[in-house]
Amino acid sequence: MTYEEFLAVVTNVAQNLSNQGVVTENLTKLSDAYKSLSTNHSSLNEQKTAMEQQINSLKEQNMNLFLRVGQPVNTTKLNENTALSYDDLLSKEFGVEV
């Protein structure tokens with residue numbers, strides 16, 4: 001049930017308060033719509049929880065695989081501050097001999 005449909009049913013109830021049959025029929029529609037939304041919401045929450053658990057499991061498996069297969073990085077080269085000249089950059093990066 002869309003918001004507009006909900007408003008139409010509520011308006012119909014408000015306009016027909018003296019007619020018990022119309023009020024009962026419209027309240028039943030609202031009750032059914034709420035039950036459907038509540039069921040869908042519960043189902044989606046359960047799916048979300050299952051997906052979050054699966055994502056966490058995959059992250060853990062991925063980290064375990066990385067720790068078994070991964071190679072340590074040589075950080076001494078990363079921490080060295082060696083100045084390069086313009087000619088060095090051209091020859092190392094682009095293969096241009098100056």
Pairs of donor and acceptor atoms involving the side chains of residues 18-25, under 3.5 Å and at least two apart or interchain, shall be tabulated with distances.
from: N19; atom 1: OD1; to: G21; atom 2: N; distance (Å): 3.3
from: Q20; atom 1: NE2; to: T24; atom 2: OG1; distance (Å): 3.3
from: T24; atom 1: OG1; to: Q20; atom 2: O; distance (Å): 2.8

Residues 43-52 side chain polar contacts: donor-acceptor under 3.5 Å, at least two apart:
from: N45; atom 1: ND2; to: H41; atom 2: ND1; distance (Å): 3.3
from: K48; atom 1: NZ; to: E52; atom 2: OE2; distance (Å): 3.2
from: T49; atom 1: OG1; to: N45; atom 2: O; distance (Å): 3.0

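L17 and V9 fall within the same hydrophobic cluster, where Ile, Leu, Val, Met, Phe, Trp and Tyr residues are linked whenever their side-chain heavy atoms come under 4.5 Å apart, directly or through other members. If you chain together hydrophobic residues whose side chains sit under 4.5 Å apart, L27 and Y34 never meet in one group.
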Given M1 and L37, is the side chain to side chain contact (heavy atoms under 4.5 Å, CB included) satisfied, shown in steps?
-> CA-CA 9 Å; M1 174 177 282; L37 289 173; 5.9 Å; no
Apply side chain to side chain contact (heavy atoms under 4.5 Å, CB included) to the pair L7 and Y3, showing each step before the final yes or no.
-> CA-CA 6 Å; L7 287 179; Y3 182 69; 3.3 Å; yes
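When the side-chain hydrogen bond (donor to acceptor under 3.5 Å, both in side chains) test is applied to N12, the partners found at least two apart in sequence or on another chain are N16.
Counting only heavy atoms from C-beta outward, the side chains of F66 and N62 never approach each other to under 4.5 Å.
For the atom pair T11 OG1 and E4 CD, the distance stands at 11.5 Å (nearest 0.5 Å). Between the OG1 atom in T2 and the CD atom in E5 there is a gap of 3.5 Å [rounded to 0.5 Å].
Applying the 6.0 Å contact sphere to CE of M63 captures no more than 12 heavy atoms from other residues, nucleotides or ligands.
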